[in-house]
Amino acid sequence: MSGQAMPPRGAVRQRDAARDDVATLINRFLGFVAVEKGLAHATQLAYRSDLAKYQDFLHARGIDSLGGVQRTDVEDFIASLAGEAPHSVARRLSAVRELHRFAISEGVTGSDPTLGVRPPKAAQDLPDVLTIDEVERLLQASCPDDAYRDGAAEAAGQGPDPVALRDRALLEFLYATGCRVSEAVGLDLTDMDMDERLARVTGKGSKQRLVPMGSYAVAAMRMYLGIARPELQARARSKAPELQAVFLNKRGARISRQSVWEIVRDCAARAGITKPIHPHTLRHSCATHLLQGGADVRTVQEMLGHASVTTTQIYTHVTPQTLIETYVMSHPRAR
């Protein structure tokens, strides 16, 4: 043996304890998902929030090492989230499960206490959907057709506010493509192919897909990109204007998700739409109207970027009015 003194046994245990410490492992895991897996920033923030809640729960139980976590602890943690929406609980459990799998891969623990733990089943609530008439009213409220179809008027500086043109293009794009808000605000000019009527969007997990645009959306986008966007870009307060983003805010910067929410809300109010509405409502409406128009579920799944066809199938619901009409027409004793 060498002449080096072996470290005291207590010191070894202390290093192991530090390596097993919940907070330390969480930080290492967050670094792993950021660097090794390259997850989106929003996903990283969700992991951080979920695991902070899990850490607080374990700390309250006097558990400071993942090696000391039992399946009953994970089940009790899920039970403590009873007041949250089922999808939120499922997301938190997924984060906890990934953390324990990471601990196993790092050799910190030898078993996974999350095995067999199931999140509560989410109620199959039907998504909020606009009728085709309501969609038309919403679009008209953003910028009426006759206000932007006369290209000569806009070119002469007599057209509508560029913000109105942007709002119309944004809403047309969301409804035409069924994109998520994050996908729309993240669009760059290089993602648009107006001649082919296609847009390349980046969805969850940084997965990219191509989505088609109809003639109405293309017309609104051409008007916005040709007339309104240059004016908004010129309003940029910084010396370096936004050169890449498709949708700009009033100050010439990339538009935010919160701003899109406000645009949808304000246009809905002007259109007299009283039902709850948010940007995702246009995504729901796009999917529903596609399926009602005869599109197959697999195609809609691909267009919306759903990982599972099960998610897409929630849009195959039958409206009460359609149900009544079909019943009256079909049932022998309904009339």
Side-chain angles (χ1 to χ4, degrees), residues 40-46 49 84-85 87-88 91 122 125-144 160-188 191-192 199 201-205 211 213 216-217 220-221 224-225 228-229 232-233 235-237 242 244-289 303-306 311 314-315:
H41 182 62
T43 305
Q44 296 177 41
L45 291 178
S49 172
E84 298 187 12
H87 71 272
S88 295
R91 189 197 69 204
D125 295 331
L126 298 181
D128 297 322
V129 174
L130 298 176
T131 65
I132 295 177
D133 176 68
E134 288 171 332
V135 170
E136 180 65 25
R137 285 160 47 197
L138 181 72
L139 296 172
Q140 290 293 327
S142 64
C143 184
D161 184 346
V163 172
L165 289 177
R166 179 207 62 193
D167 292 351
R168 178 64 183 258
L170 175 63
L171 297 183
E172 288 275 14
F173 181 82
L174 288 172
Y175 176 60
T177 63
C179 282
R180 302 176 180 91
V181 178
S182 59
E183 295 168 348
V185 302
L187 273 178
D188 288 336
D191 295 324
M192 308 294 294
V201 300
T202 303
K204 293 183 177 180
V211 292
M213 295 180 290
Y216 288 90
M221 288 295 295
Y224 163 68
L225 293 174
R229 189 185 180 282
L232 293 176
Q233 186 182 45
R235 298 179 183 181
R237 294 178 178 176
E242 175 62 68
Q244 296 300 319
V246 171
F247 295 108
L248 304 179
N249 62 21
K250 297 177 182 179
R251 297 177 299 280
R254 186 183 292 271
I255 200 168
S256 67
R257 287 182 291 182
Q258 179 61 30
S259 294
V260 177
W261 195 97
E262 292 171 357
I263 291 168
V264 173
R265 179 197 62 191
D266 293 344
C267 290
R270 293 199 297 271
I273 299 173
T274 57
K275 65 176 61 172
I277 183 172
H278 44 81
H280 229 57
T281 306
L282 288 170
R283 178 172 166 85
H284 297 328
S285 302
C286 170
T288 300
H289 296 164
M303 180 172 170
L304 269 62
H306 286 153
T311 306
I314 66 173
Y315 299 109

Query raised in the report: Is a donor on one side and an acceptor on the other found under 3.5 Å between the side chain of R137 and the backbone of G272?
Result: yes
Requested in this report: Spell out, as yes or no, whether a donor-acceptor pair under 3.5 Å connects the side chain of R270 to the backbone of A141.
Outcome: yes
Report task. Check whether any side-chain heavy atom of F173 lies under 4.5 Å from a side-chain heavy atom of L187, and answer yes or no. Result -> yes
Requested in this report: Return the minimal non-hydrogen interatomic distance between C286 and M303, and the atom names on each side.
Outcome: SG-CE, 4.1 Å
Report task. First locate atom CG of L282, then atom CG of L139, and finally report the distance between them rounded to the nearest 0.5 Å. Result -> 7.5 Å
Query raised in the report: Heavy-atom distance under 4.5 Å between the side chains of L248 and Q233, does that happen here?
Result: yes
Query - Evaluation steps, side-chain contact (heavy atoms from CB on, under 4.5 Å), between V201 and D191 - result: CA-CA 7 Å; V201 300; D191 295 324; over 6 Å; no
Query - A176 to A217 - nearest heavy-atom pair and separation - result: CB-CB, 3.6 Å
Query raised in the report: Quick one: are S285 and E134 in side-chain contact, heavy atoms under 4.5 Å?
Result: no
Query raised in the report: About how many Å separate CG of L138 and CG of L174, when rounded to the nearest 0.5 Å?
Result: 10.0 Å
Query raised in the report: Would you call L171 and V264 a side-chain contact if the rule is heavy atoms closer than 4.5 Å?
Result: yes
Requested in this report: Please report the shortest heavy-atom distance between R235 and V163, naming the atom on each side.
Outcome: NH1-CG2, 4.1 Å
**Report entry** Nearest-0.5 Å distance, CD1 of residue I277 to CG of residue D128
**Finding:** 9.0 Å
Query raised in the report: If you measure from SG on C143 to CG on L170, what distance do you get to the nearest 0.5 Å?
Result: 12.5 Å
Report summary line: CZ (R257) and CD (E183) are apart, to the nearest 0.5 Å, by 11.0 Å
Report summary line: SG (C179) and NE2 (H280) are apart, to the nearest 0.5 Å, by 11.0 Å
Query raised in the report: Under 30°, 30 to 60°, or over 60°: which ring-plane class applies to Y224 and F247, parallel, tilted or perpendicular?
Result: parallel
Requested in this report: State, yes or no, whether a side-chain contact exists between L232 and N249 at a heavy-atom distance under 4.5 Å.
Outcome: no
Query raised in the report: Below 4.5 Å, heavy atoms only, C-beta onward: do E172 and M213 meet side chain to side chain?
Result: no
**Report entry** Verdict with reasoning, L130 to K275, per side-chain contact (heavy atoms from CB on, under 4.5 Å)
**Finding:** CA-CA 9 Å; L130 298 176; K275 65 176 61 172; 3.8 Å; yes
Requested in this report: Verify, without hydrogens or angle tests, whether S49 (side chain) and A46 (backbone) share a donor-acceptor contact under 3.5 angstrom.
Outcome: no
**Report entry** Closest contact, heavy atoms only, A169 versus A220
**Finding:** CB-O, 3.6 Å
Requested in this report: Find out whether R283 and V181 are in side-chain contact, i.e. whether some heavy atom of one side chain is under 4.5 Å from a heavy atom of the other.
Outcome: no
Query - Heavy-atom neighbours of K250 NZ exceed 12 at 6.0 Å - result: no
Query - Within 6.0 angstrom of R91 CZ, more than 12 heavy atoms from elsewhere - result: yes
Query raised in the report: Do I255 and R166 have side-chain heavy atoms sitting under 4.5 Å apart?
Result: yes
